[in-house]
There are 2 protein chains.
Amino acid sequence: MTSSPPHSSDPAGLPDSELLRLDHQVCFSLQAASRAFGGVYREALRELGLTYPQYLAMMVLWEHGPLPVRAIGERLHLDSGTLSPLLKRLETAGLVRRERSAQDERSVVVHLTDTGAALRERALPVPRTILAATGLPVEEIVALQRTLGRLTASLSRAV
Amino acid sequence: MTSSPPHSSDPAGLPDSELLRLDHQVCFSLQAASRAFGGVYREALRELGLTYPQYLAMMVLWEHGPLPVRAIGERLHLDSGTLSPLLKRLETAGLVRRERSAQDERSVVVHLTDTGAALRERALPVPRTILAATGLPVEEIVALQRTLGRLTASLSRAV
DNA sequence: CTGCAATAAGTTGTGCACAATTTAATTGTG
DNA sequence: CACAATTAAATTGTGCACAACTTATTGCAG
């Protein structure tokens, strides 16, 4: 916007004003994209009565069958503080059942109910809807994922 | 992961199993990157006593001076439901003051206090820290932003 | 000038993320 | 076997996002 873009990969040589713009645009872009995804998912999942995080949890169960809370959390990168109330809501909605494991009484295994299993059929068209809504060619999506992966790895390393 | 990647930009020809993977990896990648950013910002902002959204609000005020709630919300894409309590916390922390506008009694103008203005000095090194933590060359960040921008535009159009 | 649509904040309610703590069960070690 | 460390969930508390609604003010059309 102000001067010619730098060509070095070393941010140390840039003025603070430039840094401010760059880093916030990245974070803003990321948030904006997340927000936009949220809107599309909200729309697509409205008739299923699921939020996006609930949909993710159901996806895991549809794919893997009964799993302890811990295992669901590992796949979704969520802890029990988030999952316990979420799963409780899914149970209230009649989509899952939670049962203490007989082998390990600490563990709670989450099962799909018949209703929950049946919901899968109605959820099948969702991914196609979302992918179409991105408007990006598949190659670009793959490239984006790769870049985001490296970004996440670097950021995680930095903390 | 399983078969050769498709080379078409038309998702209609792909099997559902492949679609499931693609779209979720994108959303997951996006969430993972956001989460990772969150961690880095949390760390960088801890000693300032600010959360990331609070930091953004302060940035807007540092840059533009006194602004009505509405104007802050436009720049951050947040509504009063989010901003009102956030600004109230900033006011409690002694960083901002909120004053009814004399011209338009509906409007509340947010001013920095001396403490709030002074905090800017301590926040200056933050962007450099974040950018360094991304580990990406500047060109790639710019490209990423561009892709995310198009993604967001498409998704917004789709809702 | 009256009255009604539009606007600005705030409030309420739901749901998610994350940190910190609690409880209960299990595992490992002396 | 006893007991400390670990592990699995749940709970509590803070903060954010978003939708729906409320209140107060402004502005405009008749």
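Every chain is numbered from 1 and lettered A, B, ... according to where its sequence line falls, protein lines coming before strand lines.
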Below 4.5 Å, heavy atoms only, C-beta onward: do A:L151 and B:I141 meet side chain to side chain? no
Find out whether A:T134 and A:L131 are in side-chain contact, i.e. whether some heavy atom of one side chain is under 4.5 Å from a heavy atom of the other. yes
Do side-chain atoms of B:T113 reach the backbone of B:L95 as a donor and acceptor pair under 3.5 angstrom? yes
Counting only non-hydrogen atoms, which of residues 51-72 of chain B are less than 4.0 Å from DNA chain D? B:T51, B:P53, B:Q54
Is any side-chain heavy atom of A:L22 less than 4.5 Å from a side-chain heavy atom of B:V142? yes
Main-chain N/O of B:T82 paired with B:D79 side-chain donor or acceptor, under 3.5 Å: yes
Does a nitrogen or oxygen in the side chain of B:K88 sit under 4.0 Å from OP1 or OP2 of C:dT11? yes
Closer than 4.0 Å, any side-chain N/O of B:S80 to the OP1 or OP2 of C:dA9? no
Paired with C:dG30: which nucleotide, if any, by Watson-Crick or G-U wobble criteria at under 3.5 Å for both distances? D:dC1
Send over the distance from B:E74 CD to C:dA8 C1', rounded to a whole Å. 11 Å
Tell me, please, which residues at least two apart from A:Y52 pass ring-ring contact (aromatic ring centres under 6.0 Å, His included). A:Y41
Where chain B begins and ends its contact with DNA chain D, read 5' to 3' at 4.0 Å from heavy atoms: D:dG15 to D:dT26
Does B:H64 have any side chain to side chain contact (heavy atoms under 4.5 Å, CB included) partners at least two apart in sequence or in another chain, and if so, which? B:V60, B:L67, B:R75
By nearest heavy atom, map A:D79 and B:T82 onto DNA chain C; which one lands nearer the 5' end? B:T82
Side chain to side chain contact (heavy atoms under 4.5 Å, CB included) partners of B:A123, counting only residues at least two apart: B:L48, B:Y55, B:W62
Looking at side-chain heavy atoms only, is the closest gap between A:R35 and B:L155 below 4.5 Å? no
Sorted by number, residues from residues 95-107 of chain B placing a heavy atom under 4.0 Å from DNA chain C are B:R98, B:R106, B:S107
After noting the C-alpha distance and the side-chain angles of B:E91 and B:K88, does the key distance pass the salt bridge (Lys or Arg N to Asp or Glu O under 4.0 Å) rule? CA-CA 5 Å; B:E91 188 168 44; B:K88 202 173 291 183; over 6 Å; no
A:T147 side chain reached by B:L136 side chain, heavy atoms, under 4.5 Å: yes
Interatomic distance, B:R46 CZ vs C:dC18 P [rounded to whole Å]: 14 Å
Touch check for B:L83, heavy atoms < 4.0 angstrom, all strands: base, sugar-phosphate only, or nothing? nothing
Can you tell me how far C1' of C:dA9 sits from CD of B:E91, to the nearest Å? 13 Å
